[in-house]
Chemist: 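Before we start, here is the structure in question, set down as structure tokens.
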Amino acid sequence: MGIQYVKGVQQSGVAASIKHFPGDGVDERDQHLVESINSLSCEEWDATYGAVYKACIEEGAMTVMIGHILQPAYSRKLNPALQDHEILPASLSHELVTKLLKEQLDFNGLVVTDASTMAGMMISMPRSQAVPRAIAAGCDMFLFCRSLEEDFGYMKQGIENGTITEERLHEALTRILGLKAALKLHRKQAEGTLVPKLEEALKMLGTEEHRQWAIECADKAVTLVKEEEGVLPIHPDKYKRVLFYDIESQQGVSYSARVGAADLFKEKLKDEGFEITTFEVNPGFEGMMSSQNEMIGKYDLIIYLANMVTKSNQTVVRIEWKQPMGANVPTFMTSIPTLFVSIENPYHLLDVPRVKTYINAYNSNDNVLQALIDKLMGRSEFKGTSPVDAFCGLWDAKL
């Protein structure tokens, strides 16, 4: 998949960037907030992350983005003299950028840091040292700066004190200019074709073919992970009164959940003829709650809709149940047919393992929401296959 992405991007005149070297995802922590660690052995790394990077490099990927991620095994192998406290994130590591990426994997393109404003790049040393150290380690260009004037001053100091050699500085500049030349940016700028004309771009965006692809992807993606026999399909004749629980992430600055997706889904249910009651917390602790029989006699079906997604500065998503006492926890699922639908994060069975009917949709766009309705109503088959372990390694989630 990485190879095909590199091909597609670069056939269109854009430089592909393979990232975040040496590989995100082994550590659940977020580089925006802390250094993270790729803890694989050298052999494990070679067979996984290394194999992917190598394949994409051989395909001709023009740039690599360096993460603020430590890879202790390779750092130690390439520099046995390193003490533990001397092991640095890749963005500051000569061992990982120059020796592993450039020499061992034979990458000869442009090396760019991930955002230099992240805490992951500034925890190991003062910024005045980290800025020139990134270039000295083998990075050629920064993604973002904290203060242009200040960071430029740090670079200048790094050249004056010898942290950055003249040879390394000229090499970085040559790679930057080389990439621009390889993309023919100077010619495109002179011709006025550096950025496509709006009318030309619109001929390619949102075409009928693209819309059909989106509908097809939605149809093939939605996955019925587990099912209670006899509950699906749903229909107002079978389950008129529905209690609806919406669980949504708050809006983030970037990479966040689609605001209002639960309301859109609820309106689609209403349009199908269901009577929808949105759950509201009743105040009170033990001995003061609504009676069990009152709930059972009031609703025919319970639907949970989770719209929770990872975002910058929040790489772990867990359901935070409402107060008091987890008021919206699914405790009626043995008495009232219950569906749990996730339209983003596919790992919610970690928190609701005993839900008997669970669906992953992976996305909250309009096509996916409509595909969900069609499949719940029996107008379309569930075709998705889990690309991850939706049961989260838990035996009870499979019950």
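In this text the structure is predicted, and so the values were computed from the model without any measurement.
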Chemist: So among K240, R241, K238, which one has a side chain to side chain donor-acceptor pair (under 3.5 Å) with D300?
Modeler: R241
Chemist: Looking only at side-chain N and O atoms, does S93 offer a donor or acceptor that is under 3.5 Å from a partner on E95?
Modeler: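 Yes - a donor-acceptor pair under 3.5 Å links their side chains.
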Chemist: Would you kindly say whether D219 and S380 are connected by a side-chain donor-acceptor distance under 3.5 Å?
Modeler: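 Distance-only check passes for D219 and S380.
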Chemist: Over all heavy atoms of both residues, which pair between L372 and A361 is shortest? Give the atoms and the distance, please.
Modeler: CD1-CB, 4.0 Å
Chemist: For A16, does its backbone N or O pair with a side-chain atom of Q10 as donor and acceptor, under 3.5 Å?
Modeler: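 Judged by distance alone, yes, a pair lies under 3.5 Å.
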Chemist: Taking the hydrophobic residues Ile, Leu, Val, Met, Phe, Trp and Tyr, and joining any pair whose side-chain heavy atoms are under 4.5 Å apart, which ones share a cluster with M204?
Modeler: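 Reading the cluster by chain and number, M204 sits alone, since nothing else belongs.
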Chemist: Name the orientation class of the two ring planes belonging to Y304 and W321 (parallel below 30°, tilted from 30 to 60°, perpendicular beyond 60°).
Modeler: perpendicular
Chemist: Does E199 come within less than 4.0 Å of K203, counting only side-chain N to carboxylate O?
Modeler: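 Salt bridge flag = no for K203 with E199.
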Chemist: Answer yes or no: is there a donor N or O on one side and an acceptor on the other, between the side chain of Y245 and the main chain of P330, under 3.5 Å?
Modeler: no
Chemist: According to ring pair (Phe, Tyr, Trp, His ring centres under 6.0 Å), who are the partners of F107, at least two apart in sequence or on a separate chain?
Modeler: none
Chemist: Please check: side-chain N/O of T98 versus main-chain N/O of A137, any donor-acceptor pairing under 3.5 Å?
Modeler: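 Indeed, once roles are kept as given, a pair shorter than 3.5 Å links the two residues.
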Chemist: Could you check whether any side-chain N or O of D351 sits under 3.5 Å from a backbone N or O of I319, counting only pairs where one atom can act as donor and the other as acceptor?
Modeler: yes
Chemist: If every non-hydrogen atom of S364 is compared with every non-hydrogen atom of E344, which pair is closest and at what distance?
Modeler: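 Heavy atoms of S364 and E344 come nearest at OG-OE2, 3.3 Å.
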Chemist: Examine distances only and state if a side-chain atom of S36 and a backbone atom of Q31 form a donor-acceptor pair shorter than 3.5 Å.
Modeler: no
Chemist: State, to 0.1 Å, how close T223 and T385 come at their nearest heavy-atom pair, and which atoms those are.
Modeler: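 Closest pair (atom of T223, atom of T385, distance): OG1-N, 3.7 Å.
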Chemist: Applying side-chain contact (heavy atoms from CB on, under 4.5 Å), run through F142 and I135 and close with a yes or a no.
Modeler: CA-CA 9 Å; F142 294 101; I135 302 302; 3.7 Å; yes
Chemist: Y49 vs Q71, test: side-chain hydrogen bond (donor to acceptor under 3.5 Å, both in side chains). Steps then yes/no.
Modeler: CA-CA 11 Å; Y49 290 91; Q71 216 299 322; over 6 Å; no
